[in-house]
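What follows is one structure encoded as structure tokens, with my remarks underneath.
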Amino acid sequence: MNGRPAPAPLLIACALGIEQFALRRRERTTPGGPVTVLRTGMGPAAAERSVTRVLADPALHGAAVLATGFCAGLAPGMHPGDLVVAEETRDPRGTVPCVGTELLVKELMRAVPGRTVHTGPLTGSDHVVRGHERSDLLATGAIAVDMESAATLLSAVRAAERPVAAVRVVVDAPEHELVRIGTVRGGISAFRVLRSVLPAFYEWHRSLLLPRR
């Protein structure tokens, strides 16, 4: 007996087909346990339904959950391709603290060198946020917004106590608003970054096995 927990599954949740495509890899198991990438569909309601349904599977009992994909940056100076590591996710139904933020920052800087990594609250919305809504949300202390992370993590911790995290790639920002993902340079840049982050997620997952001091 070495005092370490048994390997547990990792559920990586994203909303869009393009995000799932970016996260596509052959690896199905890491030193931390088996990995599942779930496409939830767009919006908080779809995320809640999909995550709740999938976590009811006994094969995912005790799974760690990481929400990822694209987001809108709220702070001036953010750029497409920047990374956001949530310290917590928020929506009107509640706040969920995230686990292992510092480790994720370190591993993301290693996986995607040269990219800026922001940390802070990640807020949820039921629609695409533009214009003045950005400044309104920034005033609450949030640094980025997306439609699924908060619902994903809230659904995950309501199903059972488990480690959760959220990592998002900025696809547009106050000075760099996009009309459609992937049609301009910012969207392509964000896609390339998202394609590179899996090693950081695997290290986060593996770290959950390490004994706590």
Side-chain angles (χ1 to χ4, degrees), residues 4-5 7-16 18-40 47 51 60 62-73 75 78-89 96-122 143-146 148-150 152-153 156-157 162-171 173 181 186-212:
R4 295 185 181 186
L10 170 62
L11 178 65
I12 300 173
C14 61
L16 304 175
I18 191 172
E19 295 167 339
Q20 186 181 43
F21 181 76
L23 295 164
R24 198 175 55 172
R25 287 292 186 274
R26 291 182 179 178
E27 297 93 333
R28 296 300 180 193
T29 301
T30 73
V35 178
T36 299
V37 177
L38 170 69
R39 178 184 173 186
T40 65
V51 171
L60 287 176
V65 174
L66 192 150
T68 194
F70 302 128
C71 71
M78 297 179 94
H79 296 89
D82 286 0
L83 287 146
V84 172
V85 178
E87 294 175 340
E88 64 183 29
T89 58
V96 178
C98 296
V99 172
T101 299
E102 291 182 4
L103 183 137
L104 275 168
V105 170
K106 181 181 77 171
E107 294 299 333
L108 287 165
M109 292 176 71
R110 179 181 301 172
V112 197
R115 290 292 176 178
T116 301
V117 182
H118 307 267
T119 59
L122 176 61
I143 63 168
V145 57
D146 75 88
E148 297 84 24
S149 292
T152 292
L153 298 200
V157 298
R162 68 183 77 245
V164 294
V167 175
R168 290 276 170 170
V169 182
V170 175
V171 75
I181 291 172
I188 295 169
S189 174
F191 176 83
R192 288 174 176 166
V193 172
L194 187 59
R195 230 174 36 175
S196 303
V197 297
L198 274 176
F201 296 173
Y202 296 159
E203 281 302 305
W204 175 79
H205 186 210
R206 186 185 67 83
S207 78
L208 301 176
L209 295 173
L210 300 178
R212 298 288 182 255

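We use all heavy atoms of the structure for the numbers below, so side chains are in, but hydrogens, waters and symmetry mates are not.
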Heavy atoms of V193 and G81 approach each other most closely as CG2-O, 3.6 Å

Going through the checks in order, is the side-chain contact (heavy atoms from CB on, under 4.5 Å) test met by F191 and V171?
-> CA-CA 8 Å; F191 176 83; V171 75; over 6 Å; no

The side chain to side chain donor-acceptor pair (under 3.5 Å) partners of R39 (sequence neighbours excluded) come to none

Looking at side-chain heavy atoms only, is the closest gap between L16 and F21 below 4.5 Å?
-> no

Value for SG (C14) from CG (D146), rounded to nearest 0.5 Å, stands at 11.5 Å

Pairwise distance CZ(R162) to CG(L60) - rounded to 0.5 angstrom | 8.5 Å

Do F70 and I18 pass the side-chain contact (heavy atoms from CB on, under 4.5 Å) test, and can you show the C-alpha distance, the side-chain angles, and the key distance before you say yes or no?
-> CA-CA 10 Å; F70 302 128; I18 191 172; 3.8 Å; yes

Backbone of A15 reached by a side-chain donor or acceptor of E19 within 3.5 Å = yes

Measuring from C98:SG to E88:CD, what's the distance to the nearest 0.5 Å?
-> 8.0 Å

Calculate, to the nearest 0.5 Å, the distance between atoms NE2 and NE2 belonging to H79 and H118 respectively.
-> 8.5 Å

Counting only N and O atoms by type, is there a donor-acceptor contact under 3.5 Å from the side chain of R115 to the main-chain atoms of D82?
-> no

Passes side-chain contact (heavy atoms from CB on, under 4.5 Å), R24 versus V37? Steps please.
-> CA-CA 8 Å; R24 198 175 55 172; V37 177; over 6 Å; no

With a 4.5 Å limit on heavy-atom distance, are the side chains of V145 and C71 in contact?
-> no

Grab the two heavy atoms, one from V112 and one from S196, that are nearest each other, plus how far apart they are.
-> CG2-CB, 3.9 Å

Of all heavy-atom pairs linking G73 and M78, the shortest is CA-SD, 3.6 Å

Among T89, V65, L11, which one satisfies side chain to side chain contact (heavy atoms under 4.5 Å, CB included) with T152?
-> V65

Distance (rounded to the nearest 0.5 Å) between L103 CG and L208 CG = 9.0 Å

So which heavy atom on A8 is nearest to which on H205, and how close?
-> O-NE2, 2.7 Å

Contact summary for V117 and V85, nearest pair of heavy atoms = CG1-CG2, 3.7 Å

State, with a plain yes or no, whether a side-chain heavy atom of V197 is found less than 4.5 Å away from one of L83.
-> yes

Nearest atoms (heavy-atom pairs only) where A86 meets T101 | O-OG1, 3.4 Å

Spacing of Y202 atom OH and I12 atom CD1 [to the nearest 0.5 Å] = 5.5 Å

